[in-house]
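Input: a single structure, listed below in structure tokens.
Numbered from 1 within each chain, the chains take letters A, B, ... in sequence-line order.
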There are 2 protein chains.
Amino acid sequence: MDISVLHNSILFKGFDDTEISELLKALNAAEKKYNKGAMIFSSGEITDKLCFVTAGGVTIESNDMWGNRTILNLVGKGQFFAESYALLPDVPMLVDVCAAEDCTVVFLSMKSLANLNDTIRSRLLANLLTITTRKNLHLSSRSFHTAPRQVRGRIMAYLNTVSVQKHSHEFDIPFDRQQLADYLNVERSVLSNELSKMQRDGLIRCKKSHFEII
Amino acid sequence: MDISVLHNSILFKGFDDTEISELLKALNAAEKKYNKGAMIFSSGEITDKLCFVTAGGVTIESNDMWGNRTILNLVGKGQFFAESYALLPDVPMLVDVCAAEDCTVVFLSMKSLANLNDTIRSRLLANLLTITTRKNLHLSSRSFHTAPRQVRGRIMAYLNTVSVQKHSHEFDIPFDRQQLADYLNVERSVLSNELSKMQRDGLIRCKKSHFEII
DNA sequence: GAAAGTATGTTGTAATTACAACATTTTGGG
DNA sequence: CCCAAAATGTTGTAATTACAACATACTTTC
């Protein structure tokens, strides 16, 4: 198991190596690898597992019965997912979780939190609070990206956020065209088309997943 | 101050009356009333206040420079808002918070958490974790309501959720037409029009904010 | 209970998006 | 290097939505 990524995670912030090893045991840490496209969780499932991505990345998505996909979030290396469902274990998942690329996930049993001593548990809970709080901001930021009525507005809203996060006008985004379209809730072809227009209008330059705001 | 609503809140679950009174003091609880339409927070503000609605309701919204409003969430009596910003006090708010109707809000200083003793604080943090986790589910449920590409799909997605929550095919929604339109990210007139069509098609019955799914 | 104000419903047209079909480019094996 | 497969770009048409303008219904206040 790739311990080093876990050691730098928010969840184990403030814990030393020994404590982390013990915690991993106590929480029945289990690692699993997935190929790109594999489904890790399906809508309707119940889980008490807090999930941590140690390699690759996964998408949190909603797939309707007509095959339309909406990507709610992309969870990369070093980040957590399913924390809400793990902590509210009677709530069935509303989303699917898929491997966006080949990836490795570590599962931690939140049911086992009850067996920990008070001090350790409350330190863990404080860290969990940071995780859920940040996830909250992440979820709402998608709302801003999809709030504009027009495609160009959504693209700009999204690119702006990334640009601010990366402190640069030039950056790579973690999505391919189809994923970006599904994230912004627009047609892939319309997205491609609009990106072309925006380049012609001198707003941006882009090639594949590399973007530059002008 | 309306103590009874606070006593039944998730935040103070497990605390007795004496403890709650002391906590309210320790967290500098302050109450404020707002008239319908008043702005409680504006995008860009910084706050460490956990906010609790003791009467009325507020909307969490994003207003762009062209006057388009997107309602991300409606926070009613007995619920909290701004918890993410209160807990990450260096992050400026991305949203506006407005009084959806005349309302009363209690502000609790999260900065003051540091002054509490360990036991009390960790009990509070555990409750805060519940609040943020539930808020997470709430935020993602809006994503499902806006995921369908067409207006009818969005309306149905939303009405289904409410129907399930209220365990009934007949219910009131907390939005007026303009608010519902802003929540579903569609034009108000298009929404009204589609609701009429859906009634003609025998899918629903509705009058003002009262709905029945057939 | 009128009048004014607000909320909701209706309609037509302009603008935008969805969808399908196809062209082009890129990628990864063999 | 070539081929096949995947990803991205382009285009045209049908369908949907945005927007404005107006009609109707409901509320509030005097």
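Across every non-hydrogen atom of A:Ser163 and A:Ser168, the tightest pair is OG-O, 2.8 Å.
Between B:Arg149 and A:Glu187 a salt bridge is recorded (basic side-chain N to carboxylate O distance below 4.0 Å). The pair A:Glu101-A:Lys36 does not meet the salt-bridge criterion, since no charged nitrogen lies less than 4.0 angstrom from a carboxylate oxygen. Using a 4.0 Å cut-off between charged side-chain N and carboxylate O, B:Asp176 and B:Arg188 make no salt bridge.
One interatomic measurement links the two molecules: CG of A:Asn193 to C1' of D:dG12, which rounds to 11 Å at whole-angstrom precision. Across the protein-nucleic acid pair, B:Ile155 atom CD1 and C:dG9 atom P stand 11 Å apart, rounded to whole Å. A straight line from CG of B:Leu191 to P of C:dA7 spans 15 Å, rounded to a whole angstrom. With rounding to whole Å, B:Arg177 atom CZ is found 13 Å from D:dT27 atom P. One can place CD of B:Gln178 at 19 Å from P of D:dC26, the figure rounded to the nearest angstrom. If you measure from atom NE2 of B:His210 to atom C1' of D:dC26, you get 17 Å, rounded to the nearest angstrom. One can place CE of A:Met198 at 13 Å from P of D:dG9, the figure rounded to the nearest angstrom. Put simply, CG on A:Asp102 is 12 Å from P on C:dG28, counting in whole angstrom units.
Between A:Lys208 and C:dT27 there is a side-chain polar atom (N or O) within less than 4.0 angstrom of OP1 or OP2.
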N/O contacts under 3.5 Å, protein versus nucleotides 13-20 of chain D?
unit_1: D:dT17; atom_1: OP1; unit_2: B:Val151; atom_2: N; d: 2.9
unit_1: D:dA18; atom_1: OP2; unit_2: B:Glu187; atom_2: N; d: 3.3
unit_1: D:dC19; atom_1: OP2; unit_2: B:Glu187; atom_2: OE2; d: 2.9
unit_1: D:dC19; atom_1: N4; unit_2: B:Ser189; atom_2: OG; d: 3.4

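A:Asp176 comes within contact range of the sugar-phosphate backbone alone, with a heavy-atom separation under 4.0 Å but no base atom that close. Within the 4.0 angstrom heavy-atom criterion, base atoms lie near B:Ser192.
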Walk me through it: do A:Tyr183 and A:Tyr158 pass the test ring-ring contact (aromatic ring centres under 6.0 Å, His included)? CA-CA 10 Å; A:Tyr183 177 80; A:Tyr158 173 68; 5.5 Å; yes

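Neither side chain, B:Asp201 nor B:Gln199, offers a donor N or O lying under 3.5 Å from an acceptor on the other. Side-chain atoms of A:Ser42 and A:Asp96 form no donor-acceptor pair, as typed in the model, at a separation below 3.5 Å.
With C:dG9, C:dA21, D:dT27 as the candidates, the nucleotide lying closest to the side chain of A:Arg188 is C:dA21.
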